Amino acid sequence: MKIGYPCINRSIGCTANSTFRLANYSEERLIETIGANLECLERILHYNIEKGLLFFRISSDIVPFASHPICKTDWAKHFKRELASLGGLIRESGMRISMHPDQFTLLNSPSEDVTRRSIAELEYHCMLLDAMGLDDTAKVQIHVGGVYSDMESAIERFCARYKTLGAQIKNRLVIENDHRLYSLRDCLQLSKQIKIPVLFDSFHHECLNNGETFRNAVIAASSTWTKDDGLLMCDYSSQKPDAAWGTHTEHIDITLFRDFINRMRGLDFDIMLEIKDKEKSALLALGAYEELRHPPSYLLKHPRTV
DNA sequence: CCATGTCAAGGTCAC
DNA sequence: GTGACCTTGACATGG
C-alpha cells in the first residue's frame, strides 16, 4: 500500500501548479512557468521520497493552457530532458502517479464541442505521463460526467465516446465515483461494458452509495483493475466537522482513518488523501498505517481497539 | 503592500 | 430562464 496526497506541498515553499491569466499569455511566459513548475515538482518528489510518501497526484496546471488552442508550443519537446529525468526519479523510487483533470472534462456531454475539448485535455494529461516515461499504472482519473436528465443514455454516450479514444488515453483513463450523480454501482456497471478501471473514492461513497460497506466496495472496485493497471487507487477523505455536507476536512481524523485501514485487512491498494493540509495529514496516515502493520511492543501487550 | 474580485473550460438545482 | 453553487488556489487589479 502506498500513501500520498494531491498536487500541493505546503511545507516546501514552492508550487508546481503556478499558472497565469489567458489575457497575459505569451510563449515566453508559458516556458518560464512550466520550467518553474517542473523545478518545484522535483523538490516535492524528493520530499515525498525522503518521507516515504510514494503516491502523488501531479497538478493539471503543471503545463498551463496545454490543451487550449492558444498553445502552439511543443512543451513536451522543449522540456524533454527535464520530464524524462523526473520520470526516472519516479520510477526508481517506486512512486505511483495519478492526475485528475478538472470538472469540465466531460466525455459524455451532449455537446460535441465539449467532448472534443475534453478529449484534447485527456490527450494532454497522457502526453505528460508518456513524456515522463511512466507505465500504465500511472492513471488519469475523471468522473463519469453529467446526467443530462437521463443517466442511461448518458452512460451509453460515455461508452460510445470511450470506444473512439486511442490506446494512449484508454490505457490510462479510469473513472471515479462521485458524491452526487454516479455512485460506485453506476461506475461498476459502466466498467462492465467497456472494461475501464474504477477508482474508489471513500468520501464520495459515504455521500452516495447503495449500501455497500467500505470493504466490499474496495473489493468490487479492485476487481476492475488488471495487472497492467496496477493496484486499485483509492481517494480518501472525511467530512469537515460543522461544514456543508460533502466538504473535505481540513485535517485528517486519525481515528477514522485507522478504522478505515483496519477494515481493509488483507486487501492491498494505494491511498490518496484528499485533505486540505496535504502532506501533513499524509504523514500522519502513513504513520498510522505502519503502526498497524508493525505495532510497537507496548501496543501488542495492550492492544488498542480500532 | 494588502485586500478582494476574478480566473478557459460545465452541470445541477433552486427559484 | 436566470443565477447561485460546486470547489479552490493563486493571479492580478485597484485601493
Side-chain angles (χ1 to χ4, degrees), chain A residues 5-30 32-34 36-37 39-41 44 57-73 75 99-125 140-155 157-158 161 175-183 186 201 203-204 206-208 235 237-240 242-251 272-281:
Chain A
Y5 61 98
C7 305
I8 291 165
N9 180 303
R10 289 187 175 181
S11 32
I12 289 184
C14 68
T15 85
N17 56 338
S18 183
T19 182
F20 50 89
R21 294 292 156 62
L22 183 58
N24 301 325
Y25 187 95
S26 72
E27 182 170 39
E28 192 187 13
R29 179 138 193 204
L30 178 73
E32 187 187 318
T33 305
I34 299 171
N37 283 344
E39 226 166 87
C40 180
L41 177 60
I44 295 176
R57 183 181 300 159
I58 296 175
S59 165
S60 296
D61 283 336
I62 195 124
V63 179
F65 306 106
S67 72
H68 191 283
I70 201 171
C71 178
K72 308 282 187 215
T73 306
W75 48 267
M99 295 189 80
H100 194 343
D102 234 326
Q103 62 192 14
F104 38 79
T105 303
L106 296 156
L107 261 195
N108 74 349
S109 169
S111 153
E112 292 288 338
D113 206 43
V114 169
T115 306
R116 188 183 49 72
R117 285 200 297 271
S118 297
I119 293 172
E121 183 71 355
L122 293 177
E123 273 166 359
Y124 146 60
H125 283 77
V140 174
Q141 62 188 92
I142 58 171
H143 295 288
V144 179
V147 168
Y148 313 98
S149 71
D150 179 1
M151 184 176 284
E152 201 171 321
S153 59
I155 287 180
R157 208 158 44 239
F158 187 101
R161 299 256 169 75
I175 49 172
E176 172 190 355
N177 58 305
D178 66 75
H179 72 296
R180 293 190 312 152
L181 306 173
Y182 291 90
S183 68
D186 300 323
D201 187 307
F203 185 39
H204 292 165
E206 248 181 283
C207 300
L208 176 70
D235 285 352
S237 186
S238 56
Q239 172 69 40
K240 179 176 180 176
D242 305 320
W245 173 82
T247 307
H248 290 235
T249 186
E250 196 74 30
H251 311 288
M272 174 75 53
L273 286 122
E274 291 190 320
I275 295 179
K276 298 252 167 66
D277 67 0
K278 308 289 177 183
E279 78 284 354
K280 206 170 158 191
S281 284

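Chain A is the first sequence line, chain B the second, and so forth, proteins listed ahead of strands; every chain is numbered from 1. Because the structure is a prediction, the values reported are computed rather than measured.
Set against B:dA9, B:dG5, B:dG11, the side chain of A:S109 has B:dG11 as its closest nucleotide.
Using a 4.0 Å heavy-atom cutoff across all strands shown, A:D102 reaches no nucleic acid atom at all. Residue A:K278 is classed as having no contact, given no heavy-atom separation below 4.0 Å to the nucleic acid. Among the atoms of the strands shown, only primed sugar atoms or phosphate atoms (P, OP1, OP2) are found under 4.0 Å from some heavy atom of A:H179. Among the protein residues, A:Y148 comes within range of the sugar-phosphate backbone only, with heavy atoms under 4.0 Å from sugar or phosphate atoms but none that close to a base. A:T105 comes within 4.0 angstrom of nothing in the nucleic acid, heavy atoms only. Across all strands, A:S18 comes closer than 4.0 Å only to sugar-phosphate atoms, never to a base (heavy-atom distances). In this structure, A:R21 reaches the bases: a heavy-atom distance under 4.0 Å links it to at least one base atom across the strands shown. Counting any heavy atom pair closer than 4.0 Å across all strands shown, A:S67 reaches a base atom.
Rounded to a whole angstrom, the distance from the P atom of B:dG11 to that of C:dA10 is 27 Å. A gap of 15 Å separates the P atoms of C:dA12 and B:dA9, to the nearest Å. Comparing C:dA4 with B:dC7, their P atoms sit 15 Å apart, to the nearest whole Å. Annotation: C:dC5 and B:dG5 have their P atoms spaced 14 Å apart (nearest Å). Atom name P, nucleotides B:dC1 and C:dT8: the rounded distance is 30 Å, in whole Å. C:dC11 sits 22 Å from B:dG10 when the C1' atoms are compared, rounded to a whole Å. Nucleotides B:dA8 and C:dT13, compared at atom P, are 12 Å apart to the nearest Å.
Among residues two or more places apart in sequence or in another chain, the side chain to side chain donor-acceptor pair (under 3.5 Å) test is passed with A:N177 by none. Applying the disulfide (SG to SG under 2.5 Å) test to A:C7 and every residue at least two apart in sequence or in another chain returns nothing. For A:E121, the salt bridge (Lys or Arg N to Asp or Glu O under 4.0 Å) criterion is met by no residue, not counting sequence neighbours.
For the pair A:S67 and A:E123, the minimum side-chain heavy-atom distance is 4.5 Å or more. Looking at heavy atoms from C-beta onward, A:R180 lies out of side-chain contact with A:C207 at the 4.5 angstrom threshold.
Between A:D113 atom CG and B:dA8 atom C1' there is a gap of 12 Å when expressed in whole angstrom units. If you measure from atom CG of A:L107 to atom C1' of B:dG10, you get 14 Å, rounded to the nearest angstrom. Put simply, CZ on A:F65 is 11 Å from C1' on B:dA9, counting in whole angstrom units. As a whole-Å value, the separation of A:E121 CD from B:dG10 C1' is 13 Å. Spacing between atom CG of A:D150 and atom P of B:dG11 amounts to 15 Å, rounded to whole angstrom units. Between A:F20 atom CZ and B:dA8 atom C1' the separation is 12 Å, expressed in whole Å. Protein atom NE2 of A:H125 is 12 Å distant from nucleotide atom C1' of B:dA9, rounded to whole Å. The nearest whole Å value for the distance from the OH atom in A:Y182 to the P atom in B:dG11 is 11 Å.
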Would you list the atom pairs, donor with acceptor, under 3.5 Å between side chains in residues 15-30 of chain A and any protein atom, with sequence neighbours excluded?
{"unit_1": "A:S26", "atom_1": "OG", "unit_2": "A:R29", "atom_2": "N", "d": "3.0"}
{"unit_1": "A:E27", "atom_1": "OE2", "unit_2": "A:T73", "atom_2": "OG1", "d": "2.8"}

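For A:R180 and B:dT12, a side-chain-to-base donor-acceptor distance below 3.5 Å is absent, hydrogens and geometry of angles not being considered.
Positionally, the nearest nucleotide of DNA chain C for A:I8 lies more toward the 5' end than for the other of A:R29 and A:I8.
Salt bridge A:E112/A:R161: present, at least one basic N to carboxylate O contact under 4.0 Å.
A donor-acceptor contact shorter than 3.5 Å links the side chain of A:Y182 to the backbone of A:G146. Checked by atom type and distance alone, the side chain of A:E279 never pairs as donor or acceptor with a backbone atom of A:Y5 at under 3.5 Å.
No more than 12 heavy atoms of other residues, nucleotides or ligands shown are found within 6.0 angstrom of NZ on A:K280.
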Could you please spell out the steps behind the ring pair (Phe, Tyr, Trp, His ring centres under 6.0 Å) verdict for A:W75 and A:F65? CA-CA 11 Å; A:W75 48 267; A:F65 306 106; over 10 Å; no
If a pair means Watson-Crick or G-U wobble with both distances below 3.5 Å, what does DNA chain C look like in dot-bracket form, with | marking bases paired to a different strand? ||||||..|||||||
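Along DNA chain C, the stretch of nucleotides lying under 4.0 Å from any heavy atom of chain A spans, 5' to 3', C:dT7 to C:dA12.
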